[in-house]
Participant: 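Sharing a structure with you now.
We count ligands from 1, going down the list as the structure has it; atoms in each ligand are counted the same way. Remember, predicted model here, so these are calculated numbers, not experimental data.
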Amino acid sequence: MSGRTTRGSTDRKPPRFRYAVVRDVPDTYDECIRTTNARIDVERARRQHDEYCRGLQNLGLRLIRIPGDNAYPDCVFVEDPAIVVGDQAIVGGMGVRTREGEERAVRRALARYKRVADVEPPGCLEGGDVLQIGNRMLVGLSKRTNAAAIGQLRSLLSKEYEVVPVRIRETLHLKSVCAYLGAERVLLRPGHFDRRVLGGLEPILVPEAEARAANCLALNDRAMMPAGYPKTRRRLADAGFDVVEVSVTEFEKGDGGVSCLSIRF
Ligand code: CIR
């Protein structure tokens with residue numbers, strides 16, 4: 001299979017990554033923003049985070065570890081403050097007040113590897129809304145990411161990237177409901193955005209009873225997914241993916257999943 005490289009096309013090769021930025025679970029994690037009222041067990045969250053980090057390492061990624069900060073209960077969801085595209089890191093501006101400030105430590109960590117640019121107010125853009133598919137950037141227009149930021153993103157990225165706004169509904173972020181798997185396939189929980197933006201990509205559907213399984217990560221030829229979703233696991237395996245499961249129940253209670261816990265590049 002060979003990749004197409006014209007603007008607006010996708011790349012058939014699955015994404016490959018060398019590094020993952022992760023951020024430790026703060027003592028205050030049980031005060032995170034969430035739509036569930038399930039009780040969070042911070043110690044169990046720490047054990048699950050360790051398992052997640054080991055999973056990334058087993059897939060060949062080197063960890064860039066940022067300590068947790070008790071002032072920011074949501075800081076373990078390190079995907080949101082910044083994105084990395086090629087040789088650039090873009091700090092997005094958090095879309096919710098209690099997370100403002102998380103980006104400082106993330107910016108410092110990324111600045112050792114990438115040149116860093118910022119989305120300026122009133123723009124706000126969270127990494128959970130940015131789905132890169134080759135040189136197409138699908139960006140969720142959500143409660144956390146606005147049109148002002150999407151305009152700035154377009155100017156910050158080189159012309160080879162196409163930035164496509166995607167209005168999403170009844171979900172936190174775009175990547176809460178879909179994941180790019182490489183090879184022109186997406187894992188998709190339907191009903192939260194207009195699927196036509198996916199063009200010719202082949203969807204692998206997540207059953208509604210397993211909604212949280214849609215937050216998945218394609219990493220170095222494997223698919224890392226949350227444990228506990230046998231139908232989705234079977235669909236991925238039937239599609240030829242080698243699946244790695246990690247238990248992330250304590251992060252699901254905080255409206256997050258496997259992609260939210262790292263920035264890969
Ligand atoms: C929040 O509401 O900001 C966090 N509790 C969850 C963030 C999840 N992040 C992600 O999907 N990328």
Side-chain angles (χ1 to χ4, degrees), residues 17 20-42 45 48-49 52 56 66 68-85 89-103 105-106 110 119 124-132 137-146 149 153 166 168-180 186-189 192-193 206 211-219 224-226 246 248-265:
F17 301 98
V21 178
V22 293
R23 191 159 191 182
D24 294 335
V25 179
D27 301 333
T28 54
Y29 172 55
D30 59 347
E31 294 163 31
C32 70
I33 309 164
R34 59 188 191 270
T35 52
T36 71
N37 49 20
R39 199 184 68 80
I40 287 177
D41 180 333
V42 176
Q48 293 183 342
H49 194 256
Y52 173 80
L56 294 174
I66 306 176
D69 183 335
N70 290 339
Y72 299 109
D74 283 286
C75 65
V76 69
F77 299 115
V78 71
E79 175 176 62
D80 293 322
I83 61 170
V84 171
V85 186
I90 297 174
V91 177
M94 301 304 299
V96 63
R97 204 188 46 77
T98 57
R99 300 195 63 183
E100 281 172 15
E102 282 182 27
E103 70 283 357
V106 178
L110 288 171
V119 167
C124 54
L125 174 132
E126 294 195 358
D129 274 319
V130 181
L131 180 66
Q132 179 167 3
M137 310 294 296
L138 301 188
V139 187
L141 263 173
S142 69
K143 291 200 179 92
R144 303 288 182 86
T145 296
N146 62 18
L153 181 64
V166 182
I168 60 169
R169 53 183 183 271
E170 291 164 39
T171 187
L172 176 58
H173 290 125
L174 176 63
K175 285 189 292 191
S176 312
V177 290
C178 67
Y180 183 54
V186 278
L187 187 65
L188 176 68
R189 175 188 178 192
H192 297 272
F193 63 89
V206 172
R212 292 206 182 270
N215 185 266
C216 170
L217 268 181
L219 286 173
M224 182 189 266
M225 67 170 290
V246 285
V248 287
T249 55
E250 301 314 297
F251 303 109
E252 291 174 335
K253 292 175 186 171
D255 295 335
V258 295
S259 90
C260 322
L261 295 173
S262 61
I263 304 173
R264 292 74 47 192
F265 63 92

Participant: Give a yes/no verdict on whether any heavy atom in Gly127 is under 4.0 Å from an atom of ligand 1.
Facilitator: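 Gly127: no contact with ligand 1 (<4.0 Å).
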Participant: For Asp74, counting its heavy atoms only, list the atoms of ligand 1 lying under 4.0 Å from any of them.
Facilitator: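 Near Asp74, the atoms of ligand 1 are 1 (C), 4 (C), 5 (N).
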Participant: Which atoms of ligand 1 have any heavy atom of Asp80 under 4.0 Å away?
Facilitator: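 Near Asp80, the atoms of ligand 1 are 7 (C), 8 (C), 9 (N), 10 (C), 12 (N).
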Participant: With heavy atoms of Gly254 as the reference, note each atom of ligand 1 found under 4.0 Å away.
Facilitator: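 It comes down to these atoms of ligand 1: 4 (C), 5 (N), 6 (C).
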Participant: Without swapping roles, check the side chain of Lys253 against the backbone of Thr36 for a donor-acceptor pair under 3.5 Å.
Facilitator: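 No.
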Participant: Phe251 vs Tyr29 aromatic rings, parallel, tilted or perpendicular, using cut-offs 30° and 60°?
Facilitator: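 Ring orientation of Phe251 relative to Tyr29: tilted.
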Participant: Under 4.0 Å from any heavy atom of His173, which atoms of ligand 1 are there?
Facilitator: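 Result: 9 (N), 10 (C), 11 (O), 12 (N).
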Participant: For Arg144, counting its heavy atoms only, list the atoms of ligand 1 lying under 4.0 Å from any of them.
Facilitator: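 Listed by number with element: 1 (C), 2 (O), 3 (O).
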Participant: Go through ligand 1 atom by atom and flag the ones less than 4.0 Å from a non-hydrogen atom of Asp255.
Facilitator: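 Selected atoms, number and element: 6 (C), 8 (C).
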Participant: Should Arg34 be counted as touching ligand 1, given the test is an N or O pair under 3.5 Å?
Facilitator: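 Among all N and O atoms of Arg34, none is under 3.5 Å from an N or O of ligand 1.
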Participant: Do the side chain of Glu126 and the main chain of Gly95 share a donor and acceptor less than 3.5 angstrom apart?
Facilitator: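 Judged by distance alone, yes, a pair lies under 3.5 Å.
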Participant: For Glu126, which part has a heavy atom under 4.0 Å from ligand 1: side chain, backbone, both, or neither?
Facilitator: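 Glu126 to ligand 1: no contact under 4.0 Å from either part.
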Participant: Check whether Arg144 reaches the backbone of Asp129 with its side chain - one donor and one acceptor, N or O, closer than 3.5 Å.
Facilitator: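 No, Arg144 side chain to Asp129 backbone: no donor-acceptor pair under 3.5 Å.
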Participant: Determine, stepwise, if the pair Thr98 / Glu31 fulfils side chain to side chain contact (heavy atoms under 4.5 Å, CB included).
Facilitator: CA-CA 11 Å; Thr98 57; Glu31 294 163 31; over 6 Å; no
Participant: Do Arg23 and Glu102 meet the salt-bridge criterion of a basic N to acidic O distance under 4.0 Å?
Facilitator: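 Looking at Glu102 and Arg23, the cut-off is not met.
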Participant: Under 3.5 Å, is there a donor-acceptor pair between the Ser262 and Arg264 side chains?
Facilitator: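 Indeed, the side chains of Ser262 and Arg264 share at least one donor-acceptor pair under 3.5 Å.
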Participant: Starting from atom 11 (O) of ligand 1, what is the nearest protein heavy atom, named by residue and atom, and what distance separates them?
Facilitator: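 Checked against all protein heavy atoms, atom 11 (O) of ligand 1 sits closest to Cys260 SG, 2.8 Å.
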Participant: Whether Arg97 and Glu100 form a salt bridge (side-chain N of Lys/Arg under 4.0 Å from carboxylate O of Asp/Glu) is what I want to check.
Facilitator: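 No salt bridge links Glu100 with Arg97.
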Participant: Does any N or O atom in Val96 lie less than 3.5 angstrom from one in ligand 1, N or O only?
Facilitator: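 Between Val96 and ligand 1 (N or O atoms, distance only) the closest approach is not under 3.5 Å.
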